[in-house]
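Take a look at the structure below.
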Amino acid sequence: MASHRAVLIALTALAPVSWGTTYAVTTEFLPADRPLFTGLARALPAGLLLLALARVLPRGAWWWKATVLGALNIGAFFPLLFLSAYRLPGGMAAAVGSIAPLCVAGLSAPLLGQRPAARTLLAGVVAACGVSLVVLKAAGALDPLGVLAALTSIASMSTGTVLTQRWGRPEGAGPLALAGWQLTAGGLLIAPLALLAEGAPPALDGPAAGGYLYLALVNTAVAYWLWFHGIGRLTATQVTFLGPLSPLTAAVVGWAALGEALTPWQLVGMTLAFGATVAGQLAPAPRRKAFERRGEPGRRASRRRGATDGRPSAARCT
């Protein structure tokens with residue numbers, strides 16, 4: 001059982017590791033200042049591919065639930081993510097994103113009736129401090145719009161992932177279908193905004209086409225399938241603290257592929273963030289509030305699947 005859980009954690013961790021390559025691909029290969037088109041190219045092709053593979057459509061209330069989740073997790077998150085990456089210096093967007101575990105903990109109290117343990121909150125603070133040491137560099141005045149976009153993207157993704165935990169999955173729909181619904185809904189929401197705000201799609205050369213293909217297939221279709229697979233089977237704390245792997249991967253990619261140097265303080269930060277990630281896999285499950293509602297369909301489904309109570313988190317996809 002322990003070995004099976006370790007494999008499941010490792011597979012789920014591949015999602016934030018993949019997301020850690022997004023910044024390098026965006027800055028090195030993609031057209032500049034096209035956050036809406038980049039979000040659209042990343043979401044819609046991946047969603048349609050997963051829908052074709054899953055061959056399951058939403059039914060009943062899941063039409064509006066999938067739309068809400070797609071808007072929060074994809075439709076708002078992707079454009080805001082790329083906007084913050086374009087406008088903020090260095091790793092500031094990733095540093096802002098490192099507060100995601102704490103944001104999810106705060107949202108889980110009113111939406112899931114869960115109170116995180118003090119050790120979990122401490123690990124979240126340590127993770128945020130470690131990520132900040134890794135990604136923050138000396139910079140001038142910060143762009144207010146970029147900071148607002150980064151904060152709003154985290155709030156959107158955190159709300160979406162907590163609602164994913166609250167609503168569970170309908171019977172007969174696996175993580176492939178759930179990811180496909182959300183990516184397709186989010187992509188369809190982005191499409192008219194991209195056309196109105198940015199006009200026609202940009203001309204793509206070979207590297208740009210390859211970059212978009214990588215983002216759509218590996219970075220999104222495969223990564224989100226793994227992520228939703230983990231959300232349904234791991235505890236909240238375990239999923240929450242996989243998030244720091246994304247900015248850590250971004251730092252390693254920058255060092256290995258882009259020739260960026262790693263300072264001693266960055267190495268200290270990587271150690272702290274990785275240690276918090278490991279501690280998050282061992283932290284106790286969050287305590288439930290006394291007023292928690294019983295018999296909720298999503299929770300009954302989670303128990304039938306054998307999942308322990310908990311909440312997922314939004315990893316920062318930088």
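One is the number of the first residue; the rest follow in order along the sequence. Computed from a predicted model, the values in this text were never measured in an experiment. What you see below is based on every heavy atom in this structure, not just the backbone, and it leaves out hydrogens, waters and symmetry mates.
- Side-chain atoms of Pro264 and Val268, non-hydrogen and from C-beta on, never get closer than 4.5 Å to each other.
- Under the side chain to side chain donor-acceptor pair (under 3.5 Å) criterion, no residue pair touches residues 55-66, with sequence neighbours excluded.
- To the nearest 0.5 Å, atoms CG (Leu69) and CD1 (Ile74) are separated by 10.0 Å.
- Nearest heavy atoms, Leu83 versus Pro35: N-CB, 3.7 Å.
- Cluster membership check: Trp225 shares its hydrophobic cluster with Leu245, using side-chain heavy-atom separations under 4.5 Å among Ile, Leu, Val, Met, Phe, Trp and Tyr.
- Connection of Leu51 to Leu53 is established within a shared hydrophobic cluster, with ILVMFWY side chains joined at heavy-atom distances below 4.5 Å, either directly or through further cluster members.
- At distances below 3.5 Å, not a single donor-acceptor pair connects side-chain atoms of Trp227 with backbone N or O atoms of Thr12.
- The OG atom of Ser158 lies 6.0 Å from the CG atom of Leu107; values are rounded to the nearest 0.5 Å.
- Within the 4.5 Å cutoff, side-chain heavy atoms of Val252 are placed close to those of Met270.
- Hydrophobic clustering (side-chain heavy atoms under 4.5 Å, transitive across Ile, Leu, Val, Met, Phe, Trp, Tyr) groups Leu267 together with Phe274.
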Contacts under 3.5 angstrom, residues 205-214 side chains, donor-acceptor by atom type, not counting sequence neighbours:
residue, atom, partner, partner atom, Å
Asp205, OD1, Ala208, N, 2.9
Tyr212, OH, Thr38, OG1, 3.2
Tyr214, OH, Thr21, OG1, 2.6

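- In this structure, the side chains of Val68 and Trp167 come closer than 4.5 Å at one or more pairs of heavy atoms.
- Using a distance-only test at 3.5 Å, with no hydrogens or angles considered, a donor-acceptor pair links the side chain of Thr22 to the main chain of Trp19.
- Connection of Phe29 to Leu215 is established within a shared hydrophobic cluster, with ILVMFWY side chains joined at heavy-atom distances below 4.5 Å, either directly or through further cluster members.
- The closest donor-acceptor contact from the side chain of Ser153 to the backbone of Ala150 lies under 3.5 Å.
- Residues Leu8 and His229 meet the side-chain proximity criterion, which asks for heavy atoms closer than 4.5 Å.
- In this structure, the side chains of Val222 and Leu217 stay at 4.5 Å or more apart for every pair of heavy atoms.
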Enumerate, atom names and distances included, each donor-acceptor pair closer than 3.5 Å involving a side-chain atom of residues 175-201, sequence neighbours excluded.
residue, atom, partner, partner atom, Å
Trp181, NE1, Val56, O, 2.8
Gln182, OE1, Asn73, ND2, 2.6
Thr184, OG1, Gly47, O, 3.2
Thr184, OG1, Gly180, O, 2.8
Glu198, OE1, Arg34, NE, 3.2
Glu198, OE1, Phe37, N, 3.0
Glu198, OE2, Leu36, N, 2.9

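- In this structure, the side chain of Ser18 does not engage the main chain of Leu14 through any donor-acceptor pair within 3.5 Å.
- In terms of heavy-atom proximity, Leu204 sits nearest to Pro31 at CD2-CG, 4.0 Å.
- Under the 4.5 Å side-chain criterion, counting only non-hydrogen atoms from C-beta, Asn219 is in contact with Arg42.
- Leu57 and Leu50 end up in different hydrophobic clusters when Ile, Leu, Val, Met, Phe, Trp and Tyr side chains are linked at under 4.5 Å.
- Listed for the Thr220 side chain is no donor-acceptor partner under 3.5 Å among the backbone atoms of Ala43.
- To the nearest 0.5 angstrom, Thr277 atom OG1 is 7.0 Å from Leu242 atom CG.
- Minimum heavy-atom separation, Leu49 to Ala221: CD2-CB, 4.5 Å.
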